[in-house]
Amino acid sequence: VKVDEQYWHTIQIKNVWKGSSVLNTSNPGWKTYLSNVKRVYITPTFTSSPASLSNWFYNAAELTDITGLENLSTKRCANMSYTFYGCKKLKSLKFGKNFILKNVTTMHCMFDGCELLEEISGLYYSNPTNVTDMYYMFGSCKKLKTINLGDWDNDTNASYTTAKVTTMEGMFYNCESLTNLKIGYNNQGLDASSCTNLGRMFYNCKSLKHFPTIKNTSKVQNFYYMYQSCAAMGTADWDYGKHEVEMDMSGAVNTMGMFRYCTGLKSLSFDNFDGKNVTTCNDMFLGCSNLENLDISTFKPSASKVSKCDYMFYYMLSSATVIIPYDAPSKILDQLKNFSNRVLLYPAYGLVVDRGTYNELIFLSSTTNYKVGDKYNSYYNILKCYTGSDVMNPELGYYGGAPWCGSDITKVTIDQSFSRVPVIKAEGYFSYMKGVTSITGLQYLNIEKAKSTREMFRSCESLTRTSPRSEEHTSEL
C-alpha cells in the first residue's frame with residue numbers, strides 16, 4: 001500500500017504507517033490527523049497485536065464510530081493510557097475476546113472525556129492482573145449508565161485481580177448518569193491491596209444509588225472528595241438511606257470533602273476509621289443536608305497532626321445526631337458547639353457479664369475496646385457487648401424494649417463514667433427485664449437530651465430497688 005493509491009478503488013490513501021510505527025509506539029504518527037477523523041475501520045486482516053495503544057484515538061473529537069474493534073488483539077499491549085481520551089462524539093465501544101489485559105500496566109485516562117459514550121461492552125473478557133494505574137479511567141463519561149467489569153477480582157480465580165493498582169483516583173469521576181456498576185464475580189468489588197489513592201473516585205456520580213464495594217483498603221491514604229455530590233448514594237431500596245462504611249480507613253491521611261453534598265444519606269457510620277494519621281478532613285460532611293445520624297465514634301485524630309478540619313459539619317441537618325469521641329481534638333469538637341446538633345460523646349458500652357450465678361448488665365464509658373469473650377475486671381466473662389449508637393440511641397425490639405432487655409439479666413450497674421455519654425432514647429431502656437432485682441448508679445444515666453422515657457421500666461416484675469452507688473447521692477437521685 002502506497003500514498004496516493006486507491007483503496008477499494010474509491011478512496012484515496014493520503015498517509016501510510018507500517019511496521020513498528022504502528023505496533024511499537026505510544027505516539028502514533030496519525031495522532032496529528034485525529035481531530036478530523038470521523039470513522040475508524042479495523043479489518044479482520046489486522047491480526048498483529050500492538051505493544052501500545054496509548055494515544056491511538058487521542059482527542060478524536062469528531063470520531064463517531066469504530067468498526068471492527070473486536071478484531072483488535074491486545075495480547076501484547078502494555079500501555080492503554082489515553083487510548084480513547086477526548087472522543088467526545090463516540091457513543092459505543094464493543095470489545096471482543098481478543099481484548100486481553102494480561103500484559104497491560106496502565107489504563108490511565110483510557111476513556112476520559114468520552115462525554116457521549118453510552119455503551120462499553122466486552123471489558124469483562126479479560127482481567128487487569130498487572131495494571132498499576134487506573135487514574136481517571138472512565139472520567140467524564142457523562143452518558144454511560146452501565147459499566148460491567150464482570151469477572152474482575154473474582155475470588156474464585158487468583159489471577160482475576162486489581163491488587164497491583166496503586167491509584168484509582170477519579171476512576172469514575174463525573175459519570176453522572178451511571179446507575180449500574182458491576183465489579184467482580186457476584187459484584188464483590190475492587191481489590192485495593194496496593195492502592196494509596198481513591199480521591200474523587202466517584203465524584204459527581206449523582207445517579208448511583210449504592211456504594212460500590214472496595215476491599216483491602218488499609219494502604220489507602222487519600223479519600224478526598226471520593227463521593228462528593230453523589231446525591232443518590234445510599235438511597236437504594238436495601239439501604240433506606242443508611243450506610244456503614246466497611247472500608248478499612250486506618251491509613252487515611254486526607255479525607256477532605258469525602259461525603260460533601262451527599263444529600264441522599266440519612267445515616268452514616270464507620271467500621272474502621274480511627275483517624276490517627278489524618279492531617280486534612282475539612283468539608284468532610286459539608287452539605288449532607290438530610291443526614292440524621294452520623295456515627296464517627298472511632299474517629300480520634302491526633303491534635304498535633306490534623307491541620308485542616310474546617311467546615312466538617314457545615315450545612316448539615318440542624319437536628320442531626322453526631323456521635324464522636326469525648327477526647328477528639330477541640331478544633332473538631334468546637335465546630336459542633338455552633339450548631340443545635342445533638343452531640344453524643346463516645347465511647348459508650350453496655351456489657352453483659354457472667355457473674356457466675358447471675359448475669360449483670362454494666363453501662364460505662366471507657367477507652368478500652370471491649371469484645372465478647374473478653375474478661376471484665378480481669379475475671380468476669382463478657383457475654384454480650386453493645387456500643388455506640390446501640391447504647392445511646394437503641395432501636396427498640398418487637399415488644400418495645402432495648403436490645404439487651406430480657407429475662408436473663410438479674411442486675412444492672414451504671415458506672416459513673418457513663419454520665420458523660422448522653423442517652424437520647426431512654427424509651428423502653430429497661431423494659432421487660434423481668435429478672436432484674438436491682439439497678440445501681442441510676443443517677444449516672446444522663447437522659448437530659450432524651451426525647452422520651454416512656455415505658456422505661458415496663459414489666460420489670462422482680463425490681464425491688466433502684467439506688468445510687470452511695471448514700472451521699474440519695475438526694476440527687
Side-chain angles (χ1 to χ4, degrees), residues 199-200 203 221-231 233-234 241-245 247 249-250 252-348 365 367 387-389 391-393 419-424 446 448-451:
R200 298 187 180 91
Y203 185 104
Q221 298 178 9
N222 294 309
F223 294 89
Y224 51 79
Y225 303 118
M226 185 175 179
Y227 301 109
Q228 170 158 341
S229 301
C230 291
M233 280 283 196
K242 298 180 179 180
H243 180 62
E244 181 178 3
V245 179
M247 290 187 298
M249 294 180 62
S250 58
V253 174
N254 188 340
T255 61
M256 178 171 57
M258 185 175 178
F259 296 94
R260 192 179 185 191
Y261 297 118
C262 287
T263 54
L265 279 177
K266 293 184 178 180
S267 178
L268 184 63
S269 60
F270 296 81
D271 262 6
N272 191 352
F273 181 37
D274 56 22
K276 62 184 178 183
N277 298 309
V278 169
T279 62
T280 304
C281 54
N282 47 304
D283 295 7
M284 188 171 177
F285 308 104
L286 184 149
C288 292
S289 55
N290 289 303
L291 193 59
E292 298 172 356
N293 292 285
L294 174 61
D295 186 345
I296 48 174
S297 53
T298 61
F299 179 63
K300 193 166 64 174
S302 167
S304 61
K305 282 186 178 181
V306 64
S307 58
K308 297 179 180 179
C309 58
D310 297 335
Y311 305 109
M312 274 188 73
F313 313 100
Y314 212 58
Y315 292 127
M316 275 179 50
L317 194 65
S318 61
S319 60
T321 297
V322 180
I323 304 174
I324 189 170
Y326 68 91
D327 53 351
S330 59
K331 63 183 75 176
I332 293 177
L333 290 177
D334 287 347
Q335 294 181 48
L336 295 169
K337 292 180 181 179
N338 298 325
F339 301 94
S340 59
N341 305 37
R342 291 173 294 168
V343 181
L344 309 182
L345 302 181
Y346 184 88
S365 176
T367 56
T387 64
S389 59
V391 176
M392 303 175 204
N393 193 17
S419 63
R420 64 191 177 202
V421 189
V423 174
I424 63 168
N446 186 345
E448 291 181 1
K449 296 185 179 181
K451 289 184 175 181

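- Contact of the Leu265 side chain with the Phe285 side chain is not registered, since no non-hydrogen atoms from C-beta on lie closer than 4.5 Å.
- You'll find the side chain of Val245 reaches within 4.5 Å of the side chain of Leu268, heavy atoms only.
- A distance of 9.0 Å separates CZ of Phe223 from OG1 of Thr255, quoted to the nearest 0.5 Å.
- Of all heavy-atom pairs spanning Leu317 and Ser289, the tightest one is CD1-O, 3.2 Å.
- What you find for Cys281 and Phe299 is that their closest heavy atoms are SG-CZ, 4.2 Å.
- Heavy-atom neighbours of Lys308 NZ from other residues, nucleotides or ligands within 6.0 Å: at or below the threshold of 12.
- For Tyr225, the ring pair (Phe, Tyr, Trp, His ring centres under 6.0 Å) criterion is met by no residue, not counting sequence neighbours.
- Between atom OH of residue Tyr311 and atom CE of residue Met256 there is a gap of 14.0 Å, rounded to the nearest 0.5 Å.
- The two residues Ala303 and Lys331 have their closest heavy-atom pair at O-NZ, 3.5 Å.
- With sequence neighbours left out, the ring pair (Phe, Tyr, Trp, His ring centres under 6.0 Å) criterion links Tyr261 to no other residue.
- A donor-acceptor distance shorter than 3.5 angstrom exists from the side chain of Asn277 to the backbone of Ser250, with no hydrogens or angles considered.
- Here the CG-CE distance, from Asp283 to Met258, works out to 14.0 Å after rounding to the nearest 0.5 Å.
- Side-chain contact check for Phe259 versus Leu291: every heavy-atom pair is 4.5 Å or farther apart.
- How far CD1 of Ile424 is from CG of Asn446: 11.5 Å, rounded to the nearest 0.5 Å.
- With contacts defined as side-chain heavy-atom distances shorter than 4.5 Å, the pair Thr321/Met392 does not qualify.
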Requested in this report: Step by step, work out the side chain to side chain contact (heavy atoms under 4.5 Å, CB included) result for Ile324 and Leu336.
Outcome: CA-CA 10 Å; Ile324 189 170; Leu336 295 169; 4.1 Å; yes

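- The backbone N or O of Thr263 sits less than 3.5 Å from a side-chain atom of Asn290, completing a donor-acceptor pair.
- Here the closest non-hydrogen pair linking Tyr227 and Cys262 is O-SG, 3.2 Å.
- With Thr280 as reference, Asn254 is the one residue of Asn254, Asn222, Val253 to meet the side chain to side chain contact (heavy atoms under 4.5 Å, CB included) rule.
- No side-chain heavy atom of Met284 sits less than 4.5 Å from a side-chain heavy atom of Ile296.
- Within the 4.5 Å cutoff, the side chain of Ser297 has no heavy atoms near those of the Thr387 side chain.
- Taking CD from Gln228 and CG from Leu286, the interatomic distance works out to 8.5 Å, rounded to the nearest 0.5 Å.
- Taken from CE in Met247 to CG in Asp271, the straight-line distance is 10.5 Å, to the nearest 0.5 Å.
- At a threshold of 4.5 Å between non-hydrogen side-chain atoms, the residues Asn293 and Asn393 count as touching.
- Residues meeting the ring pair (Phe, Tyr, Trp, His ring centres under 6.0 Å) test with Tyr224, sequence neighbours left out: none.
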